[in-house]
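Please read the structure below before turning to the comments.
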Amino acid sequence: MERIVYVNGEYLPASEAKLSIFDRAVLFADAVYEVTAVIDGGFVDFAAHQQRLGRSLAALEIDFDPAGADLLAIHRELRDRNALSEGLIYLQISRGEAERDFVKPTAIPPSVVLFTQAASLVDAPAASRGLRVITRPDLRWHRRDIKTTQLLYPSLMKSEAIAAGVDDVWMLEDGTITEGSSSNAHIVLDDGSLVTRPLSQDILHGITRAAVLDYAREQGVAVHERAFTADEARAAAEAFITSATAFVTPVIEIDGEPIGSGTPGPAANRIRELYIKRSRERLTY
Ligand code: PDD
């Protein structure tokens, strides 16, 4: 059975779905997106993803009201039509189709695209193996808090990491780690406290990051929201990333040097289990 996708009001087999070559997503990456995890057929943190979508759209002045469109109904329909029990739903909204012009057009209808990807998220091999990362300069634009589809630099960096025989990059700016290619970066100190970069325009305000910090604080874990260096990461007890699809995944090596024991550590494993448990209790169906 071919995958059914959603484009501008229609549910279609993927091979029949079309977006104009003049769409601003194609020509200018003038589009924002969200990735929502699906586990047990339910959506993880649906409301938080919709809120961030609203902020991204407002920041770019894209004329689409997520509250007005029934995006949950589209998510449900795609999940059901594709019998998706575990994986993700990708949602992209671009400014729309217009003659190529650097001046952004006004009053055009936005383009809305959604599709599913099946994947094993809970039993992901990377979670039991741990990730090896290398550092690279963060050369992205400076509004990383807006979840745009300008993903070329992270894509090139992640590809460079894979070509170098490791799993991912952690990006560095002014001597401190910003984030992973598509995740937020965190370390665990010897006293068990978490260190994570504070929210600003330097990083995406991860939905998983916010949930993990809440769950950790509930457990009495101290959280320090401050920038940290690659040297601190190297000397940390543990490290991990968070994202909608990686959940909490341990990082076991940075620039060829082991972090802590060089294997997934107890704190990261605990917070991953807690995140999955709490997410399961709060799924949107
Ligand atoms: N990426 N930072 C960046 C640069 C990201 O691309 C992502 C997510 C995150 C984590 O955010 P969240 O917890 O809300 O998923 C942080 C998604 C998963 C992607 O592009 O596929």
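Both counts, for ligands and for their atoms, begin at 1 and track the order of listing. Just so it is clear, the structure is predicted and the values come from calculations on it, not from any experiment.
Remark: ligand 1 and Ile207 share an N or O pair separated by less than 3.5 Å (distance only, no angle test). Considering backbone and side-chain atoms alike, Arg52 places an N or O below 3.5 Å from some N or O of ligand 1. In terms of polar-atom proximity, defined here as any N/O pair under 3.5 Å, Arg140 makes no such contact with ligand 1.
Proximity of Tyr90 to ligand 1 is not established, as no heavy-atom distance is less than 4.0 Å. Every heavy atom of His205 sits 4.0 Å or more from the atoms of ligand 1.
The contact set between ligand 1 and Glu179, taken as ligand atoms under 4.0 Å from a residue heavy atom, comprises 2 (N), 3 (C), 4 (C), 16 (C). Against a heavy-atom cut-off of under 4.0 Å, Gly206 is close to the following atoms of ligand 1: 11 (O), 12 (P), 13 (O), 14 (O). Short contacts between ligand 1 and Asn184, defined as distances under 4.0 Å to a heavy atom of the residue, involve ligand atoms 10 (C), 16 (C). Near Ala244, meaning under 4.0 Å from any of its heavy atoms, are these atoms of ligand 1: 12 (P), 13 (O), 15 (O). Listed by atom number, the atoms of ligand 1 under 4.0 Å from Ser243 heavy atoms are 10 (C), 13 (O), 15 (O). Close contacts of ligand 1 with Ser183, meaning ligand atoms under 4.0 Å from a residue heavy atom, involve 2 (N), 3 (C), 5 (C), 7 (C), 9 (C), 16 (C).
Contact annotation: for Val35 versus ligand 1, heavy atoms closer than 4.0 Å belong to the side chain alone. Contact annotation for Thr242 and ligand 1: only backbone heavy atoms (N, CA, C, O) come within less than 4.0 Å of the ligand. Proximity of Leu204 to ligand 1, defined as any heavy-atom pair under 4.0 Å, is confined to the side chain (atoms from C-beta onward). For Lys147, every heavy-atom contact with ligand 1 shorter than 4.0 Å involves the side chain, none the backbone.
For the residue pair Arg3 and Thr116, no side-chain donor N or O sits within less than 3.5 Å of a side-chain acceptor on the partner. Side-chain contact of Ser193 with Asp191: a donor-acceptor pair under 3.5 Å is present, judged by distance alone. For the residue pair Asp202 and Thr178, no side-chain donor N or O sits within less than 3.5 Å of a side-chain acceptor on the partner.
At a threshold of 4.0 Å, the pair Lys277-Glu281 counts as salt-bridged, since one of the basic side-chain nitrogens sits closer than that to a carboxylate oxygen. Electrostatic pairing of Glu232 and Arg226 counts as a salt bridge here, judged by a charged N lying under 4.0 Å from a carboxylate O. Residues Glu61 and Arg95 are not paired through a salt bridge, judged by the lack of any N-O separation under 4.0 Å between the basic side chain and the carboxylate. Ion pairing between a basic and an acidic side chain is recognised when a charged N comes within 4.0 Å of a carboxylate O; Lys104 and Asp30 show no such pairing. Using a 4.0 Å cut-off between charged nitrogen and carboxylate oxygen, Arg282 and Asp45 count as a salt-bridge pair. A salt bridge links Glu34 with Arg52: the distance from a Lys NZ or Arg NE/NH1/NH2 to an Asp or Glu carboxylate oxygen falls below 4.0 Å. Of the charged side-chain nitrogens involved, none lies within less than 4.0 Å of a carboxylate oxygen, so that Glu97 and Lys18 do not count as a salt-bridged pair.
Of the options Val212, Thr245, Thr208, the smallest heavy-atom separation from atom 13 (O) of ligand 1 is shown by Thr208.
Scanning the protein for heavy atoms near atom 19 (C) of ligand 1, the closest one is Tyr33 OH, 3.7 Å. Counting protein heavy atoms only, atom 6 (O) of ligand 1 is closest to Ser182 CA, 3.3 Å.
Atom CZ of Arg140 sits about 9.0 Å away from atom CD1 of Ile203, to the nearest 0.5 Å.
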